[in-house]
Structure formats: C-alpha cells, structure tokens
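These notes are about the structure you will find just below.
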Amino acid sequence: VTAAATSDMYEVTAGKIAVERAQSPEVKAFAQKMIDAHTETTTKLKGIIAANNIDVMPPPHVDSRRQGMLDDLRGAKAADFDHRYISQQVAAHKEADILMRGYAKSGDSKPIKEFAATTDKAVKMHLAMAEKLANNMKSASN
C-alpha cells in the first residue's frame, strides 16, 4: 500500500509538472492521462482500505528518492524536460509493474491482490505508451 500510494503521488505530481512544462503535445497528453489514472487508483486503493478495515495508512508525501526525481524535473532545462520526464516514466512504470505483479501473485490481502492485478494491466499499458514516446523522441533526435 505504501509503495503504491507513493508511486501514485509521484505520478500525479510529475504529471502536473509535465502538463505545465512539456514542449510536446503528446507528452502533455500523456502527463494528463497519468494525473487522471493515478488519481483514480489512489481513490480506489483508499476505498479498498476503508471497506476492508485494513489497518494501513498511505504516506502523506513521496519518499526522498521520488522527491529527488521531482526536483530533477523541476530543475530540468526546457529543452531537456520532455526526455527527462519520459525517461522517468519508463523507469517508474517498470518499477510499478514489478510491484503490482509481485503483490498480485503473493500479497497477503485478497482485496489488495485483486487491486494489484487490475492495476498492473493499466501499468503495462502506461509503460508501453511511455516507451513509444521515448522511441519517438529518439527517432526525432537522430
């Protein structure tokens, strides 16, 4: 729960930065999708926790590693921003895929296992979208 909530907070914040700073309309559109999707999964996860009386509290803010990633985005030069954001998105979604797949397979809470399995489908879709954007950027810069 902590890892999923931290990931969602990072995604929403990074998405908001990207909506403001991205140069490419495709990157801005992807960022908005991430804001919407990760806001929705946070709401679902909180609902599952409440409905099942699961005694866990999502953290109030991101961990120091993700804070560093957000600071890196905020400090990026305009010309580097899109590439930096999409690179982070590919890495973040690979990490989220491992997290969700692992919990779906061997987690100890049935409702959260179901949430992880469902969410992992979206994570894989987001990863594919981010990788496609990354490849398009490579092609454009060659």
Once you round to the nearest 0.5 Å, how far does [atom1] of [X] lie from [atom2] of [Y]?
{"X": "T6", "Y": "R65", "atom1": "OG1", "atom2": "CZ", "answer": "9.5 Å"}
{"X": "Y85", "Y": "Q23", "atom1": "OH", "atom2": "CD", "answer": "14.5 Å"}
{"X": "K44", "Y": "T118", "atom1": "NZ", "atom2": "OG1", "answer": "7.0 Å"}
{"X": "N136", "Y": "I86", "atom1": "CG", "atom2": "CD1", "answer": "10.0 Å"}
{"X": "K28", "Y": "E26", "atom1": "NZ", "atom2": "CD", "answer": "11.5 Å"}

Is [Y] reachable from [X] through a run of I, L, V, M, F, W or Y residues, each pair having side-chain heavy atoms under 4.5 Å apart?
{"X": "I54", "Y": "M57", "value": "no"}
{"X": "L73", "Y": "M137", "value": "yes"}
{"X": "V27", "Y": "M129", "value": "yes"}
{"X": "V19", "Y": "L133", "value": "no"}
{"X": "I98", "Y": "M69", "value": "no"}

Any sub-3.5 Å donor-acceptor pair from [X]'s side-chain atoms to [Y]'s backbone N or O?
{"X": "D8", "Y": "T42", "answer": "yes"}
{"X": "D97", "Y": "K124", "answer": "no"}
{"X": "R21", "Y": "D82", "answer": "no"}

Original post:
Can you name the closest pair of heavy atoms from L45 and A5 and give their distance?
Top reply: CD2-N, 4.4 Å

Subject >> Heavy-atom closest contact (V123 atom, H93 atom, distance) >> reply: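 Scanning both residues, the minimum pair turns out to be CG1-O, 3.4 Å.
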
Original post:
So F30 and H126, would you call those rings parallel, tilted or perpendicular, with 30° and 60° as cut-offs?
Top reply: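 Correct class here is perpendicular.
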
**OP:** Can you establish whether the number of heavy atoms outside K94 located under 6.0 Å from its atom NZ is more than 12?
**Re:**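 Atom NZ in K94 is not crowded, with 12 or fewer foreign heavy atoms closer than 6.0 Å.
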
Subject >> Side-chain donor-acceptor contact under 3.5 Å, Y10 with Q88 >> reply: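 On atom types as modelled, these side chains qualify, holding a pair under 3.5 Å.
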
**OP:** Can you sort out the partners of A3 under side chain to side chain contact (heavy atoms under 4.5 Å, CB included), two or more places apart, ordered by chain and number?
**Re:**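 If we apply the side chain to side chain contact (heavy atoms under 4.5 Å, CB included) test to A3, skipping adjacent residues, the hits are L99.
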
Original post:
With sequence neighbours left out, what residues match S87 under side chain to side chain contact (heavy atoms under 4.5 Å, CB included)?
Top reply: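 Counting only residues at least two positions away or on another chain, S87 forms a side chain to side chain contact (heavy atoms under 4.5 Å, CB included) with H83.
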
Identify each donor-acceptor pair in which a side-chain atom of residues 108-117 lies under 3.5 Å from a protein atom, sequence neighbours left out, and give them as a table.
| residue | atom | partner | partner atom | Å |
| --- | --- | --- | --- | --- |
| D108 | OD1 | Y103 | OH | 2.8 |
| K110 | NZ | E114 | OE2 | 2.7 |

**OP:** Kindly write out the residues that satisfy side-chain hydrogen bond (donor to acceptor under 3.5 Å, both in side chains) with D80, not counting sequence neighbours, or none if the list is empty.
**Re:**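 side-chain hydrogen bond (donor to acceptor under 3.5 Å, both in side chains) list for D80, sorted by chain: empty.
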
Subject >> All pairs passing side chain to side chain donor-acceptor pair (under 3.5 Å) where residues 52-63 contributes a residue, at least two apart >> reply: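 Residue pairs with at least one partner in residues 52-63: D63-R66.
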
Subject >> N135/E131 under side-chain hydrogen bond (donor to acceptor under 3.5 Å, both in side chains): CA gap, chis, key distance, verdict >> reply: CA-CA 6 Å; N135 289 334; E131 286 175 331; over 6 Å; no

Can you give the donor-acceptor pairs under 3.5 Å from side chains of residues 11-18 to other protein atoms, not counting sequence neighbours?
| residue | atom | partner | partner atom | Å |
| --- | --- | --- | --- | --- |
| E11 | OE1 | Q89 | NE2 | 3.3 |
| T13 | OG1 | M9 | O | 3.0 |

